[in-house]
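Take a look at the structure set out below.
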Amino acid sequence: MTDTLAPEKNGPPGGDADEADLARARKEHIGRYVAMILLPFVMVSMMITGYLAAMHSPAPNNMPIAVAGPAQQAEQFARALEDADPDAVDVRVVSGADAARDLVLAREVSGAVALAENGTATVYTAGAAGASQSSMVSGLLAPPVLGQGLDLVVEDLAPLPAHDTAGLAAMFMATALMLAGYMPLSVMLSNSPELLRIRRVVPLLAGWSALIAFLVWLVAGPVLGAVEGNTAAVLGISWLSVFAVGAVQLFLTRILGPMAVIAGMLFLMVLGVPASNMGMSVHALPGLYATLHGFLPTAATGEALRSVLYFGGDGLGGHLLVLAVGALLALVATVGVDALKRRRNPDAGDPEITLPSLTAGPRPASNRVRYVTLAFFPLGMVVMMLSFMLGAMYQPAPRDMPVTVVAATTEQAEQVVAGLEENMTGLFALEASDSVDAARAAVQDRTAVAAYVLPSATSPTATLVTNEAAGVSQQQVVTTVFGQVAAGSQMPLTVENLAPLPGADSMGTVTLYVAMGWIMSGFMLVVVASSAQPAAMRLRRLLPIAAGWSVFMSTVIWVIADPIVGAVDGHFWQLFATGIVAIFSTALFTAVPARLFGLLAVLPAVAILMFLGVPASNGALSVYMTPEIFTTLHAVLPMPAAVESVRSILYFGGDTVGSHLVTFAIWGAASLVCVVVIDAVRARSAARKQAVDA
C-alpha cells in the first residue's frame, strides 16, 4: 500500500499525456472515492439489517415438537398446542416416550412432551442443542401442561458440560473457521494474485486449513478448556470447513473479483450466523433461515462441531457431506472458469495488484516477507476472536453482581446479607438497606442489578425488583437465584420488573446491534479509505469526509432499525445525534493505527473495538458475568459507551447519555492529537530526508 500521506496525483505523470489518459485517471480517481464510500456502506448496512431483521425479536416459528402418550390424550394435547398458536409449532405425535427422547437427541425435534396416565407430563429438552431453544421449548409446553392440570417434569437429555456452560464453543469456533476461510482469498487477490493460480492455491489452501484447524483446536481446547477430547474429529472438521469455504471463496474471486468479500460476508456472516442454529434456534427466526440452515457452511460447521462435542458424533455425516460437496463443486467450477478465460484470452496474466502493501510502508521487496505479512493478518484475527470473545463468554457466571437487600431495619438487612454471603461468596455484591425507594432507584439507574425486599408488616411476601431493559441475562440470574433463596426460606416471592422490554426487542439485543452499526461505520470508512483512496487519509480531507459520513450513516442505521426492521420505535434525534459522535470518534481512533500499520490496522482496531468491546459492552452478556477485566473496560471502551447510550435513549429517557458522549469525546480528541503528532513527525522526517538528498 502506498503511504497514506503521499502527495495526491490528479493524473498520470508526464506533460504529454493525452486526453484519454487524463480522462481515465480522473475516472479512476473518482472511482476510488466512490469505492471508499460504497464498500463500507454496503458492508455495514448488510450486516446490521441482517442481524436486526433475524434476531431482534425471536419467537417460535414452526418449531418441531413431539408429543407422546396414550393415543387419545396425545392427540388432544397436540391439537390444543397447535390451536394456541398454529405458526409457532410443528407438532408430531409419536408412539411413546422412548421415540420422543430419540427424536430430541437426534435433533429432529426441538423438544418433546411425554404424557403419562398418572397425570404427569415430562418435557424433554437438549441443552447442548441450544440453551435458548431449550428455554423456548419449556416456555411453549409448560402453559398447556399446567393448564390441563398435569404435573410438570422437565428433563434435559443432553445437558451442556461444565467446561462450556453457555454452549458457545462450537459457535465461536465455527465463526473463526469461516473467517479464516474467506478473508485470505480476497486480500490475496488484491495483494498477491499470483498465489491464486489453481496449481498454487489448492496446496496452499490445504496447508492453511491445517494450520487454522490446529490453532482453533489449540486455543479452544488446551488453552481455554472450552473443548475437551474429540481432538481428531475437531481437527478434521475444522480442516474441511476452512478448505471448503476457501474453495468457494476462490470461485467467487474468479467471477466477482474484489467484490467477492461482500458475497462471502453475506453468505457466511449476515445469513450464515443466524442460520447456523448456534446462538439462536433457527426455529425462532423467520422461515428463510430454516432453509438456509440445510446448506450454508456456517451451519454445517457449527452443527458438525456440536455433533462431536455433545452428541457422540450422531448426525455428523450429513454436515460433512455439505462441506465436502461444496468444496468439490467450487473447485470444479473454478477450473471451468479458468479454462473459459484462457480460451477467450490466452495471454491474460494475473489480476492487477490494487493493494501493494498491507502495511503503511512500501510493498516489500521480498516475496517471503510479503507472504508472511499476508498470513499474519487472518491468523491474528482468528486467534484474537477465539482468545478474547470465547475466553470472555464461554463460562458466564455472576461475579460481584450488585444487589440490594432491603429489610425493615438496616441491622436486619445486614443479618440477611451475612447469611447469604456465606453461601454465595463472590457471586453478588450485597448491600443492606432499610429504604425500598432508594433500592428501587438504584435498580432504575442501573447501579444495582436487583433489590431483594424482605417481607414486612405491610407486605407478607418477598419482592424482587429487577430491570429487564438493563440486561436480560443478569435479570434471569437474579430471578433464578433469589427465587431459590425465597423458596429455601419458604417465602412467597413477587418479581417486579421496573423496565420491561418491548416485543420488538424481546432479547434486549437491539442496543448491541445499533451500537455495532455505529462502531463498524467509523471503523470501516477508514480501513477502506486507507487502501482504496489513500489521498482521503490526509487530515484536512479526512475530517470533513468523516463528518459527512457520520451524519449519513447515523441516519442509515436509524432507518434500518426503525422503519425497515421495526426494532426501534422513534427516538430519531437522540439516536441520530449520538450516532454521529460515536461514528466520528471511532473513525478518528481507527485513523491512528491506519497511519502506523496500514491495512494491518484492522488487527488492533478490531481487537479494541469489537473483540474486547463486545464482551465489555453489557450487551450480549452482562458485564457482571464475564472476567473482571471487562468491568474495567466497560467504563472506557467505545463499544460499551455506544451500547449504554442506545439503552439509555430507548428505555431510560437518555439519563446517562452525557457521560458516554464524554467517553467518545475523549477517544476522538486523543486520537486526533495522535494523528496530528504522527503527521508532524513524518513531515519533519520527510523534510530532513529531502534536505539530505539535495
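Residue indices begin at 1 and follow the sequence shown.
A donor and an acceptor atom, one from each side chain of Thr626 and Arg399, are nowhere located under 3.5 Å apart. Donor-acceptor pairing under 3.5 Å is lacking for the side chains of Asn467 and Gln475. Neither side chain, Thr165 nor Gln395, offers a donor N or O lying under 3.5 Å from an acceptor on the other. Side chains of Tyr651 and Asp505: a donor on one and an acceptor on the other come within 3.5 Å. Between the side chains of Asn61 and Tyr289, no donor-acceptor pair is found at a separation under 3.5 Å. No hydrogens or angles considered: a donor-acceptor pair under 3.5 Å links the side chains of His293 and Glu303.
Between Met183 and Val382 the shortest side-chain heavy-atom distance does not fall below 4.5 Å. For the pair Met384/Met389, no side-chain contact is recorded, criterion being any heavy-atom separation below 4.5 Å from C-beta on. Using a 4.5 Å heavy-atom cutoff, the side chains of Met63 and Leu140 are in contact. Proximity of Ile65 to Val109: side-chain heavy atoms (C-beta onward) are nowhere separated by under 4.5 Å. The closest side-chain heavy-atom distance from Leu157 to Glu155 is below 4.5 Å. Two residues are said to be in side-chain contact when any heavy atoms from C-beta on lie closer than 4.5 Å; Arg107 and Asp314 meet this criterion. In this structure the side chain of Phe428 reaches within 4.5 angstrom of the side chain of Val478, judged on heavy atoms. Contact check for Met507 versus Met280: side-chain heavy atoms found under the 4.5 Å cut-off.
The nearest pair of heavy atoms linking Gln133 to Ser281 is OE1-OG, 3.0 Å. When every heavy atom of Leu390 is checked against every heavy atom of Leu168, the shortest pair comes out as CD1-O, 3.9 Å. Between Pro274 and Tyr51, the shortest heavy-atom distance links the atoms CD-CE1, 4.0 Å. Of all non-hydrogen atoms in Pro64 and Arg92, the two that sit nearest each other are CB-NH2, 4.3 Å. Pairing each heavy atom of Ala180 with each of Ile212, the nearest pair is CB-CG2, 3.6 Å. Leu285 approaches Met55 most closely through the heavy-atom pair CD2-CG, 4.0 Å.
Judged by the 6.0 Å and 45° rule, Arg446 forms a cation-pi pair with Phe652.
Side-chain atoms of Thr175 come within 3.5 Å of backbone N or O of Met171 as a donor-acceptor pair. Thr466 places no side-chain N or O within 3.5 Å of a backbone atom of Glu468 that could act as its donor or acceptor partner.
Using the six-membered ring where Trp is involved, Phe243 and Trp239 have ring planes that are parallel, under 30° apart on the 30 and 60° scheme.
Note that CG of Leu305 is 6.5 Å distant from OG of Ser241, once rounded to the nearest 0.5 Å.
Ring centers of Phe267 and Phe295: at least 6.0 Å apart, outside the cut-off.
The neighbour count for Glu628 CD, taken as heavy atoms of other residues, nucleotides or ligands under 6.0 Å away, does not exceed 12. Within 6.0 Å of CG in Asn62 there are more than 12 heavy atoms belonging to other residues, nucleotides or ligands. A 6.0 Å sphere centred on CG of Leu329 holds more than 12 heavy atoms belonging to other residues, nucleotides or ligands.
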- Given side-chain hydrogen bond (donor to acceptor under 3.5 Å, both in side chains), test Asn618 with Tyr624 step by step and report yes or no. CA-CA 8 Å; Asn618 203 36; Tyr624 298 113; over 6 Å; no
- Given Arg79 and Glu82, is the salt bridge (charged side-chain N to carboxylate O under 4.0 Å, His left out) satisfied, shown in steps? CA-CA 5 Å; Arg79 282 198 299 271; Glu82 288 181 329; over 6 Å; no
- Query: Would Leu633 and Ile629 satisfy side-chain contact (heavy atoms from CB on, under 4.5 Å), going step by step from the backbone distance to the final call?
  - Reply: CA-CA 6 Å; Leu633 295 175; Ile629 186 175; 4.2 Å; yes
